[in-house]
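Since the structure comes first, as structure tokens, the remarks are kept for the end.
These values consider heavy atoms only, across backbone and side chains, with no hydrogens, waters or symmetry-generated copies.
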Amino acid sequence: IRDIFDMSLKANSFPQFVADSFTVLQNIFNADSVLLFKRSKNQPEIFFPVFSTSDLHRELRDKVSLGIESEKLVSIGIPVIADQNYVEWPVIPVLLEVAGYASTWVIPFGLYEDFVDSLIFLLFSQKATPSPEEHDLLVFVSYFYSLVYQKMEYKKEFEALSYKDTVSQTFSEAIIKELLNLQCEQAKRYGFSFSVMMIRMENYDKLLNIYGNYAVETSTQKIAQALTGSLRRSDVVGRYSRNSFVVILPFTNSESTDVVFSRVTNMLKSSTFPPCKNIKFSASITSYMDDTGYQSIINRLTDLLRPIL
């Protein structure tokens with residue numbers, strides 16, 4: 001158990017934790033094999049094999065899937081002890097027969113307390129019944145794997161959010177700064193050209209006072225979506241501050257820059273972004289001028305800002 005604790009602290013992802021810990025689980029319970037079933041996203045009533053301590057999951061992939069008729073069959077913290085005569089979940093005896101095992105101890109776990117999305121099958125070649133101590137340990141493992149799963153998912157979400165702005169879902173200010181620095185280095189080394197555009201909501205504070213934070217965030221989301229939709233896939237949009245966006249336009253010359261700037265400003269003039277009304281924008285654009293980093297570009301863009309009328 002201490003080894004599993006250590007693995008949960010060192011693993012960088014949940015699949016890595018599963019791969020590292022399943023052999024330990026197999027040894028703890030003297031199982032002949034350990035098999036992981038995952039709930040299908042497209043067919044939530046079906047579980048399918050995704051990992052095992054052998055190649056069993058590959059062998060079973062096209063032969064068997066676990067259908068679940070009622071969610072009451074599985075709950076976190078309640079292990080299922082079954083053999084080939086188990087009648088409450090008829091598909092388990094089928095699985096055991098196809099896999100060539102006599103009995104199984106099933107450990108449910110999941111991201112949410114009331115929803116099981118994964119099943120660990122401890123498989124035994126002989127009929128096996130857990131002792132009271134082993135049963136308590138199965139309960140513990142069910143809760144522990146759920147907690148580790150939650151921790152890893154929250155970590156993944158945090159890492160995703162750390163490079164994206166939570167409101168606009170565009171790149172964050174920190175990432176835009178790094179990307180601008182990278183563009184400057186590439187332009188200096190390889191002679192690449194690029195341009196940068198800034199869009200600012202000039203009456204942001206007034207909108208907050210009139211409409212409130214939720215409404216302004218909703219409008220900000222729609223502005224970000226409209227900006228992204230009016231640009232090339234290679235262009236990079238980021239929220240530089242609460243009331244401004246920065247757009248990096250790689251490999252652009254003065255002619256193509258003018259076209260993009262005109263398209264974006266016309267889009268902002270002709271569009272609405274409810275629930276907020278009368279949003280006033282300013283915009284600026286500049287090209288790379290032997291800049292050493294992001295700060296000189298941002299300063300120049302700020303000085304060049306002009307109202308979009």
Side-chain angles (χ1 to χ4, degrees), residues 112 153-181 183 194-250 252 256-288 291 293-309:
Y112 305 104
E153 286 298 307
Y154 292 151
K155 178 184 176 184
K156 188 164 64 174
E157 289 179 14
F158 176 79
E159 289 173 347
L161 292 174
S162 67
Y163 73 84
K164 277 195 172 184
D165 172 63
T166 56
V167 174
S168 67
Q169 290 301 299
T170 61
F171 287 109
S172 66
E173 178 181 346
I175 292 299
I176 287 294
K177 289 178 179 178
E178 290 297 322
L179 290 174
L180 282 174
N181 287 337
Q183 287 288 320
F194 73 97
S195 302
V196 187
M197 180 166 47
M198 179 178 282
I199 307 295
R200 176 181 286 177
M201 300 165 64
E202 289 294 345
N203 57 340
Y204 187 88
D205 290 332
K206 185 176 180 179
L207 294 170
L208 278 177
N209 292 333
I210 296 172
Y211 295 100
N213 189 67
Y214 179 79
V216 173
E217 287 188 349
T218 302
S219 293
T220 302
Q221 290 173 352
K222 293 180 179 179
I223 293 167
Q225 291 168 0
L227 277 174
T228 303
S230 63
L231 297 166
R232 304 170 302 176
R233 292 187 66 182
S234 58
D235 299 330
V236 178
V237 182
R239 194 178 183 195
Y240 192 75
S241 65
R242 62 178 189 154
N243 68 331
S244 65
F245 291 90
V246 166
V247 182
I248 302 174
L249 307 164
T252 49
S256 59
T257 295
D258 291 341
V259 171
V260 174
F261 188 70
S262 177
R263 183 169 67 246
V264 169
T265 54
N266 287 334
M267 179 274 294
L268 292 172
K269 281 192 292 186
S270 61
S271 302
T272 57
F273 308 97
C276 295
K277 299 179 180 179
N278 300 318
I279 301 174
K280 299 186 183 300
F281 295 99
S282 62
S284 60
I285 195 162
T286 187
S287 297
Y288 171 73
D291 301 280
Y294 78 88
Q295 193 61 64
S296 59
I297 296 175
I298 295 298
N299 291 343
R300 192 160 63 250
L301 284 168
T302 304
D303 292 338
L304 291 171
L305 280 170
R306 297 293 183 271
I308 299 177
L309 302 174

Point to revise | Residues that Phe194 engages under ring-ring contact (aromatic ring centres under 6.0 Å, His included), provided they are two or more places apart | key: Tyr288
Exercise for review: Please name all residues satisfying salt bridge (charged side-chain N to carboxylate O under 4.0 Å, His left out) with Lys177, sequence neighbours left out, ordered by chain then number.
Suggested key: Glu173
Point to revise | Spacing of Ile223 atom CD1 and Met201 atom CE [to the nearest 0.5 Å] | key: 4.0 Å
Point to revise | Under the salt bridge (charged side-chain N to carboxylate O under 4.0 Å, His left out) test, residues paired with Asp258 that sit two or more places apart | key: none
Point to revise | salt bridge (charged side-chain N to carboxylate O under 4.0 Å, His left out) partners for Glu153, two or more places apart | key: Lys156
Review point. Would you say the side chain of Arg200 lies within less than 4.5 Å of the side chain of Phe281, judging by non-hydrogen atoms?
Key: no
Revision key, fill the gap. In terms of heavy-atom contacts, Leu227 and Ser230 come closest through O-OG, 2.9 Å
Check your understanding: Under the side chain to side chain donor-acceptor pair (under 3.5 Å) rule, what pairs show up with a residue in residues 272-284, not counting sequence neighbours?
Key -> Glu202-Ser282
Check your understanding: Going by the angle between their ring planes, with limits at 30° and 60°, are Phe171 and Tyr163 parallel, tilted or perpendicular?
Key -> tilted
Review point. Is the shortest side-chain N to carboxylate O distance from Asp165 to Arg242 below 4.0 Å?
Key: no
Report, one line per pair, each donor and acceptor closer than 3.5 Å where one atom sits in a side chain of residues 299-309; sequence neighbours left out.
unit_1 : atom_1 : unit_2 : atom_2 : d
Asn299 : OD1    : Gln295 : NE2    : 3.0
Asn299 : ND2    : Gln295 : O      : 3.3
Arg300 : NE     : Thr286 : OG1    : 2.8
Arg300 : NH1    : Asp291 : OD1    : 2.9
Arg300 : NH2    : Ser287 : O      : 3.1
Arg300 : NH2    : Asp291 : OD1    : 3.4
Arg300 : NH2    : Asp291 : OD2    : 3.0
Thr302 : OG1    : Ile298 : O      : 2.8
Arg306 : NH1    : Asp303 : O      : 3.1
Arg306 : NH1    : Leu304 : O      : 3.4

Point to revise | Heavy-atom check, side chain of Val264 versus side chain of Val247, under 4.5 Å | key: no
**Study point:** Reported CG-to-CG distance for the pair Leu208 and Asn203, which is rounded to 0.5 angstrom
**Key:** 10.0 Å
Less than 3.5 Å apart, which donor and acceptor atoms pair up between the side chains of residues 231-238 and the rest of the protein, not counting sequence neighbours?
unit_1 : atom_1 : unit_2 : atom_2 : d
Arg232 : NE     : Asp235 : OD1    : 3.0
Arg232 : NE     : Asp235 : OD2    : 3.2
Arg232 : NH2    : Asp235 : OD1    : 2.6
Arg232 : NH2    : Pro250 : O      : 2.8
Asp235 : OD2    : Arg232 : N      : 3.0

Review point. Measuring from Ile199:CD1 to Leu268:CG, what's the distance to the nearest 0.5 Å?
Key: 5.5 Å
Check your understanding: Side-chain contact, heavy-atom cut-off 4.5 Å: Ser219 with Ile279?
Key -> yes
Point to revise | Residues forming a side-chain contact (heavy atoms from CB on, under 4.5 Å) with Arg263, sequence neighbours excluded | key: Val259, Val260
Point to revise | Note, Phe261 side chain near Ser195 side chain (heavy atom, < 4.5 Å) | key: no
Check your understanding: For Ala215, what residues pass the side-chain contact (heavy atoms from CB on, under 4.5 Å) criterion, not counting sequence neighbours?
Key -> Tyr211, Pro275, Cys276
Check your understanding: Can you name the side chain to side chain donor-acceptor pair (under 3.5 Å) partners of Asn181, sequence neighbours left out?
Key -> none
Check your understanding: Can you name the residues that form a side-chain contact (heavy atoms from CB on, under 4.5 Å) with Ser262, not counting sequence neighbours?
Key -> Asn266
Revision key, fill the gap. Hits for side-chain contact (heavy atoms from CB on, under 4.5 Å) against Gln221, two or more places apart or cross-chain, chain-then-number order -> Val167
Check your understanding: At their closest point, which heavy atom of Tyr204 faces which heavy atom of Thr220, and how far apart are they?
Key -> CE1-OG1, 4.3 Å
